[in-house]
Amino acid sequence: MTETHYQYIDGVWTDGDSTDEITVRDPAAPEDPIVAFSGASETQAEEAVSAAAAASDNWAATTPDDRDTILYEVAERIDANRDALAETLTREEGKPISSGRGEVSRAAEIFRFFASYARSATGETIPSSDPETLTYTVREPLGVVTLITPWNFPIATPSWKLATALATGNTVVLKPSSETPMIAKQLVELLAEVGVPNGVVNLVVGSGSTVGDALTTDERVDGVSFTGSTETGQHIAETVATRGIPIQTEMGGKNPQVVLPDADLEAAADAAISGAFGGCGQACTATSRLIVHEDVADELTAAVVERAEALSIGPGLDDPDIGPAVSAGENETNLEYIEVAEKEGATLQTGGGQPATPEAGYFVEPTVFTDVEPGMRIAQEEVFGPVLGVIEVADFDEAVRVANDVNYGLSASIFTTNMAKSRSFTKQIEAGVVKINGTTTGSHVQMPFGGMKASSSETQKELGQHAYEFYTHEKAIYRSDP
Ligand code: NAP
């Protein structure tokens with residue numbers, strides 16, 4: 001296998017044969033590409049679907065024990081290769097190496113958790129209205145599923161989709177982000193090494209605009225699971241809609257952290273920093289709006305600014321607090337939003353540009369704005385960078401109203417010691433993930449994950465005890481024996 005063999009179709013590693021060039025750069029040192037190669041063509045995408053379709057019956061017929069064993073072994077290999085995988089991830093995505101290692105360990109945890117789905121993703125026996133009839137449900141694999149993933153968690157997100165799909169007996173075509181194909185390739189290599197049969201997992205590395213429609217609208221594709229921007233997710237949902245197959249789209253966020261006057265302000269400041277600036281703000285669940293009661297707004301803002309200014313910025317391999325944005329495009333967008341916020345009248349408290357050092361790389365300072373009004377673009381649109389807007393409110397009701405006054409609804413948190421207020425918040429807030437006295441970021445593998453409103457198709461959740469529901473048909477059986 002040569003370095004440019006990024007397509008894995010029916011068990012064979014090969015070059016892409018389109019005219020698209022996929023160029024992978026270290027965002028901390030982008031001058032020289034790490035690797036450049038041809039992306040997959042539409043024909044190769046179709047071949048990957050063909051391979052997955054041909055392998056489908058045999059994989060569905062494997063025993064749960066075999067699938068559990070294989071996926072558990074994947075987890076072991078991920079753990080055994082943790083440092084090498086983390087280095088690849090950090091080199092192409094930019095996040096601090098300790099976060100990279102954490103994400104790789106999480107991928108192993110995910111495979112271990114979902115391996116057991118092979119044995120446990122089951123139907124149920126339901127009391128029958130007819131004593132002569134046994135009524136129960138069974139879960140069966142969809143068949144071929146297309147998995148499309150973004151760059152910001154480039155091993156965790158493919159892992160939770162792959163592990164769930166494979167455990168439940170589906171075959172797969174994985175299309176990772178063109179920004180982060182190296183880690184996707186290494187993950188698929190591990191799957192091949194542990195004996196996943198040819199055709200069961202196929203990797204198509206190609207531009208979404210070239211291969212996307214072929215991977216989602218092909219009539220042999222039985223389900224599509226997508227994570228990425230709302231714009232792309234809505235495009236896919238529209239193109240797939242007429243086929244009536246299961247589709248799951250998990251998309252952007254504009255996540256609020258509400259802070260009431262009775263809150264532990266030190267803890268609230270720590271959470272805002274971690275939520276807004278961890279991973280350079282490149283998490284779908286990143287905190288981008290700090291909605292603060294006016295009585296504590298100055299004190300909390302001062303604590304947040306002090307912490308933001310203490311954060312170290314640098315190449316991910318040096319393990320700073322904040323690494324670079326993933327690409328030149330993302331960095332430009334961050335800087336543009338900072339300009340827009342200033343033009344709209346927000347007050348820059350700290351950050352606001354590229355740091356003096358490092359000189360190279362897509363770095364932007366952790367940035368905090370105050371005097372942010374709910375209608376401003378900085379308060380409405382997903383920035384996907386280290387930019388936090390502080391919005392002052394007069395009371396709890398206004399805080400909830402402002403928090404809900406966006407198109408998105410992914411995650412939200414509240415800091416308060418008032419139990420009635422926190423309970424009321426969980427009821428009123430329009431978000432799929434709600435934290436009381438915690439950051440908007442982070443989730444447990446056994447908890448369901450997904451958003452509301454423009455953040456999600458709200459079909460079935462990912463992760464959690466019931467993530468298998470998306471990847472399976474449920475049949476209701478009425479059995480009356482002769
Ligand atoms: P993106 O631009 O939407 O890309 C996501 C994936 O879709 C990539 O693999 C991309 O391929 C592919 N794609 C692009 N156009 C396509 C098309 N026409 N048909 C099919 N696939 C297509 O998103 P991103 O910039 O990678 O990721 C950042 C976004 O993801 C943010 O909005 C973030 O909030 C969201 N996100 C959401 C969650 C969640 O669980 N809710 C988690 C993580 C990230 P190319 O790379 O080749 O363009």
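For ligands, and for the atoms within them, numbers begin at 1 and follow the listed sequence.
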For A156 versus I110, what's the shortest heavy-atom pair and its separation? O-CD1, 3.8 Å
for atom 39 (C) of ligand 1, nearest protein heavy atom and its distance come out as C284 SG, 3.3 Å
Name the closest protein heavy atom to atom 11 (O) of ligand 1, giving the residue it belongs to and the distance to 0.1 Å. K175 NZ, 3.0 Å
Might you point out which heavy atoms bring F369 and I338 nearest each other, and give the distance in Å? CZ-O, 3.6 Å
Just to verify, which of T149, I148, V204 counts as forming a side-chain contact (heavy atoms from CB on, under 4.5 Å) with L174? T149
Do you see a donor-acceptor pair shorter than 3.5 Å between the side chains of T227 and E250? no
Note the single closest protein heavy atom to atom 27 (O) of ligand 1, along with its residue, its atom name and the distance in Å. P150 CB, 3.3 Å
Do the side-chain N and O atoms of S312 and D321 include a donor-acceptor pair separated by under 3.5 angstrom? yes
To the nearest 0.5 angstrom, please state how far the OG1 atom of T216 sits from the NZ atom of K175. 11.5 Å
Whether the S50 and R220 side chains hold a donor-acceptor pair (N or O, under 3.5 Å, no angle test) is what I'd like checked. yes
Which atoms from ligand 1 have a heavy atom of L410 less than 4.0 Å away? 41 (N)
In the protein, what heavy atom is nearest to atom 28 (C) of ligand 1, and what distance, to one decimal place, separates them? F384 CE2, 3.6 Å
Using heavy-atom distances only, which candidate in T285, I236, T239, T227 approaches atom 5 (C) of ligand 1 most closely? T227
Can you tell me if P176 has a non-hydrogen atom under 4.0 Å from ligand 1? yes
Can you confirm whether the side chains of S443 and R106 place a donor and an acceptor under 3.5 Å from each other? yes
Among all protein heavy atoms in this structure, tell me which lies nearest to atom 48 (O) of ligand 1, with the distance rounded to 0.1 Å. G208 N, 4.0 Å
Distance-minimising heavy-atom pair for L335 and V364: CD2-CG2, 3.8 Å
Would you name the heavy atoms of P324 and G316 that are closest together and state the gap between them? CD-N, 4.3 Å
Do you see a protein non-hydrogen atom under 4.0 Å from atom 30 (O) of ligand 1? yes
Modelled atom types, side-chain donor and acceptor of K185 and T88, under 3.5 Å: no
Side-chain donor-acceptor contact under 3.5 Å, Y337 with E381: yes
N152: numbered ligand 1 atoms lying under 4.0 Å from its heavy atoms: 43 (C), 44 (C)
F226 neighbourhood, listing ligand 1 atoms whose heavy-atom distance to it stays under 4.0 Å: 3 (O), 5 (C), 6 (C), 7 (O)
Counting from 1, what ligand 1 atoms have a heavy atom of T149 closer than 4.0 Å? 6 (C), 8 (C), 9 (O)
So between E462, E382, M251, whose heavy atom ends up nearest atom 37 (C) of ligand 1? M251
Kindly indicate whether a cation-pi arrangement holds for R139 with Y468, taking the cut-offs as under 6.0 Å to the six-membered ring centre and within 45° of the axis. no
What protein heavy atom sits nearest atom 23 (O) of ligand 1, and how far away is it? S229 N, 3.3 Å
Does ligand 1 have any atom sitting under 4.0 Å from a heavy atom of G206? yes
Which protein non-hydrogen atom lies closest to atom 16 (C) of ligand 1, naming both residue and atom, and how far is it? T232 CG2, 3.4 Å
Out of G252, S177, G228, A40, who gets a non-hydrogen atom closest to atom 35 (C) of ligand 1? G228
I need the atoms of ligand 1 closer than 4.0 Å to a non-hydrogen atom of S207, numbered in the order shown. 47 (O)
Looking at H235, which atoms of ligand 1 are within less than 4.0 Å of one of its heavy atoms? 18 (N)
Tell me which protein heavy atom sits closest to atom 40 (O) of ligand 1, plus the residue, atom name and distance to 0.1 Å. F449 CE2, 3.2 Å
Going by the closest heavy atom to atom 21 (N) of ligand 1, which one wins out of V224, I22, I148? I148
Nearest heavy-atom contact between E458 and M452 is OE2-CA, 3.4 Å
Numbered atoms and elements of ligand 1 in range of S178, under 4.0 angstrom, heavy atoms: 45 (P), 46 (O), 47 (O)
Quick check on W151 - does any of its heavy atoms sit under 4.0 Å from an atom of ligand 1? yes
